[in-house]
Amino acid sequence: MLIRTPDGVVEVSSRAPGNHMFRVTSGSTRTASSRPREPPLSEPRPIMKPMHIVVAAAEPGTWVLQVVSANGERAGQELAVSDEELPGVVVQREEAAARAGVQPPVWTWQDTSVPAALLCAAGVWVTRCRDLGLCATILATASTAPGSGALDDAGEPRPLDYRPVLEPADPRHVPGPRPLAAASNQGSLFAVAEERGPGVTELIAELAAQTSACATSRNPQRLERLLSLESQGALVAAGMRHRGIPWDPAVHEQILEDMLGPRPTGEERPQRMQELAEQVRAALAAPTLNPDSPVELLKALRNAGVDVDTTRAFKLQEWTLVNGQPQEQRVATVAPVLEYKKLSRVFSSTGWHWLDTWVQDGRFHPEYVVGGVVTGRWAARGGGALQIPKYIRDAVRADPGHALVVADAAQLEPRVLAILARDDALAEASRGRDLYESIAQQGQARGSELTERSHAKLALLGAMYGATSGAGGRFMPQLTRMFPRAVGYVEHAARVGELGQQVCTYLGRWSPAPDPEWFEVQRATDTQAGERRAAQASRSHGRFSRNFVVQGSAAEWALAWLGHIRQGLHTAGMDAELVFFLHDEVMVHCAQEHAERVQQIVEHAAEQAVHTVFGAVPVEVPVAASVVTSYADAK
DNA sequence: CGGTAGTGCCAC
DNA sequence: AAACGTGGCACTACCG
């Protein structure tokens, strides 16, 4: 099979498993110093221009709608509707399109979260949308990127010609977390638009500006796809926030009681923590010590002969070892401190206060911030949804008669790197379910030194994070010999970043340029200290850029995965809903009898996502999906 | 008094 | 003060 790609023609053989290769017939292996190649060919995928319905937030509680035809012109009259009427209009348009067998409209608005919350509450399905705010952010960054820093073929040969009509909003600076207790007083979990947003005319102009900006891109199809996936993500995020993660407060309280003792009645520490605080004071002979104060604690530790310069648990643990063996006396000194720290973390970040604040009616409703991370990953706000600790996961329980389908992509980033770099050897390893194990086996077969799974894992993560020393850095030479293209790819990104230039993901999301201060630091090399600072900042931005290309492209796969799952669940028409997402992991809450079907949908969506983002590539991204009742049992 | 830098730890 | 990326958040200490 021959496939046209930006690189030229790539042959993907499908004769036998293990024989799929990136066969690049033009272009050459990229090295760390090589420049981007000539402009690529467009991917041969016809774009069917859809109809848009622009939705502008007017006076509080009202909306103005305008149909915009495929050529960007107004069709028909404006329609003003209230919050209550909006869902009905959406249903009518979606159903009309379905009946007629035509593409549904693209609901086009400044910010998905507000209208989507209304629609979720009304149980209304939206097939496609365009989040002009999120797309503007992507395009604004792309439009500043100089061609000299272009890394991938999606890269622009020149700054993108994007003239925004709307002020691009920084997604990381929108209002902070709103605990449910405050919001639910009004009977809604969501803030309703308080101010009049941009009008229909401005939204139409912005849509046009974005469409023409994409057309000036080196690879319009990829960039359009990115904008479409980002918008789809906003729909997924709104739905998940609305539904929330099923959370059993009784189980949660039981975990707390087992670890900390009974719930304290006042402001005092829980019983177990009070006891431990006393033990710490005794062990360190510091009767008035507040163990929550790192400053006091460090002082007390040093007075007690614990030779550390930080109170980090990791360092304390290390200190107990003498010649690699735990020394009894040292362990006894430090053990209460370590135990106290552990429980203090449990109490403060997942304790009763957290439960009261964030769990209402058996659901935890974090807010997802699409594009909240520069790489395109999502951020989350409110209750720490990015860091639900392992020890508390048992509180995540399916409703009676329901199940949780929990799935995560195994070693997503190295697989994505194989695609980015068109590295056949790494692609071959990706065909195993356990990529690191495959590498170790390849190493054995080829007589390489990289023959252990744990080493392969460290080496690959090290390559993507920019490790230079320690376990990660140690295996780099072997890794480079086995996978020269993959290593070369991330090395190239690092070199570009070290120069202060921008890099981009597969679909064309650009890394931000460094601050003006960064460039100041680069110039201030007249002293030795300045020289050191400059080199340090340069390497740091290099590591960021190295990671950006992989993490950001992986995030694009994840967006597509979510989108296909959302669509798949809807098409199947089951009692099944996406309730959680974290980088490379999803959770679906569904009726017990649908669990197996959901599992299939989630697995199939992973395959679809590879194709949606990367086209036909000889790399697999397997997902491990388990059906459980408790999140603690996943994996 | 509120804002914020520093510290430390959780997740991927 | 983890060599090595991206985040959120709680707590203390400090500052205006």
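Just so you know, these numbers come straight off a predicted model, no measurement behind them. Within every chain, numbering begins at 1; the chains are lettered A, B, ... in the order of the sequence lines, protein sequences first and strands thereafter. Side chains are part of it too, since the values below use all heavy atoms of this structure and drop only hydrogens, waters and symmetry mates.
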- Item | Mutual orientation of the aromatic rings belonging to A:Phe364 and A:Trp247 [parallel < 30°, tilted 30-60°, perpendicular > 60°] |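 The arrangement is perpendicular - the two ring planes meet at more than 60°.
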
- Task: Over 60° means perpendicular and under 30° means parallel, so classify the ring planes of A:Phe580 and A:Tyr368, tilted if in between.
- Result: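 A:Tyr368 and A:Phe580: tilted rings.
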
In Å and rounded to the nearest 0.5 Å, what is the [atom1] to [atom2] distance from [X] to [Y]?
{"X": "A:Leu426", "Y": "A:Leu417", "atom1": "CG", "atom2": "CG", "value": "6.0 Å"}
{"X": "A:Met240", "Y": "A:His589", "atom1": "CE", "atom2": "NE2", "value": "15.0 Å"}
{"X": "A:Gln327", "Y": "A:Thr333", "atom1": "CD", "atom2": "OG1", "value": "8.5 Å"}

Whole-Å distance separating the [atom1] atom of [X] from the [atom2] atom of [N]:
{"X": "A:Leu386", "N": "C:dG5", "atom1": "CG", "atom2": "P", "result": "18 Å"}
{"X": "A:Tyr465", "N": "C:dT6", "atom1": "OH", "atom2": "P", "result": "10 Å"}
{"X": "A:Arg546", "N": "C:dT6", "atom1": "CZ", "atom2": "P", "result": "12 Å"}
{"X": "A:Phe314", "N": "C:dC4", "atom1": "CZ", "atom2": "P", "result": "14 Å"}
{"X": "A:His541", "N": "C:dC4", "atom1": "NE2", "atom2": "C1'", "result": "16 Å"}
{"X": "A:Asp356", "N": "C:dA10", "atom1": "CG", "atom2": "P", "result": "14 Å"}
{"X": "A:Arg543", "N": "C:dA3", "atom1": "CZ", "atom2": "C1'", "result": "10 Å"}
{"X": "A:Asn547", "N": "C:dT6", "atom1": "CG", "atom2": "C1'", "result": "7 Å"}

Suppose you measure atom [atom1] in [N] against the same atom in [M]; what distance do you get, rounded to whole Å?
{"N": "C:dA1", "M": "C:dT6", "atom1": "P", "answer": "16 Å"}
{"N": "C:dA3", "M": "B:dA5", "atom1": "C1'", "answer": "25 Å"}
{"N": "C:dC4", "M": "B:dC12", "atom1": "P", "answer": "23 Å"}

- Item | A:Gln387 side chain, from C-beta outward: closest of C:dT6, C:dA3, C:dG8 |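 Nearest nucleotide to the side chain: C:dG8.
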
Any base atoms under 4.0 Å from [X], or only sugar-phosphate, or nothing? Heavy atoms, all strands.
{"X": "A:Leu412", "result": "nothing"}
{"X": "A:Gly466", "result": "sugar-phosphate"}
{"X": "A:Ala313", "result": "sugar-phosphate"}
{"X": "A:Arg393", "result": "sugar-phosphate"}

- More than 12 heavy atoms from other groups under 6.0 Å of CD on A:Glu268: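 Yes - once you tally the heavy atoms of other residues, nucleotides and ligands closer than 6.0 Å, there are more than 12.
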
- Item | Exceeds 12 heavy-atom contacts within 6.0 angstrom, atom CZ of A:Arg532 |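 No.
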
- Task: Output yes when A:Glu413 and A:Arg377 qualify as a salt bridge under the 4.0 Å nitrogen-oxygen rule, no when they do not.
- Result: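 A salt bridge links A:Glu413 with A:Arg377.
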
- Message: I'd like to know if A:Glu318 and A:Lys315 make a salt bridge, using a cut-off of under 4.0 Å between side-chain N and carboxylate O.
- Response: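 Salt bridge between A:Glu318 and A:Lys315, a charged N being under 4.0 Å from a carboxylate O: yes.
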
- Message: Short of 4.0 Å, heavy atom to strand atom, which residues of residues 333-349 of chain A count as contacting DNA chain C?
- Response: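 The stretch gives A:Arg345, A:Ser348 as the residues lying under 4.0 Å from the strand, ordered by number.
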
- Position toward the 5' end of DNA chain C (nearest nucleotide), A:Thr310 or A:Asp292: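 Nearer the 5' end of the strand: A:Thr310.
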
- Map A:Asp309 and A:Arg377 onto DNA chain C by nearest heavy atom, then report which one ends up closer to the 5' terminus.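 Nearest nucleotide further toward 5': that of A:Asp309.
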
- Message: Walk me through whether A:Tyr340 and A:Arg269 qualify under side-chain hydrogen bond (donor to acceptor under 3.5 Å, both in side chains).
- Response: CA-CA 11 Å; A:Tyr340 180 87; A:Arg269 292 189 178 103; 2.8 Å; yes

- Message: Could you check whether any side-chain heavy atom of A:Leu404 comes within less than 4.5 Å of a side-chain heavy atom of A:Pro246, counting everything from C-beta outward?
- Response: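 Yes; the side chains approach each other to less than 4.5 Å.
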
- Backbone N or O of A:Ala463 within a donor-acceptor pair of the A:Arg546 side chain at under 3.5 Å?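 Between the backbone of A:Ala463 and the side chain of A:Arg546 there is a qualifying donor-acceptor contact (under 3.5 Å).
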
Distances under 3.5 Å between protein N/O atoms and the N/O atoms of nucleotides 13-16 of chain C, please, pair by pair.
{"from": "C:dA13", "atom 1": "OP1", "to": "A:Ser293", "atom 2": "OG", "distance (Å)": "2.7"}

- Query: Does the gap between the ring centers of A:Tyr489 and A:His492 come in under 6.0 Å?
  - Reply: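 No, too far apart.
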
- Task: Heavy atoms of chain A, cut-off under 4.0 Å: which first and last nucleotide of DNA chain B, 5' to 3', fall inside that, if you could look?
- Result: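 Range of nucleotides within reach of chain A: B:dG8 to B:dC12.
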
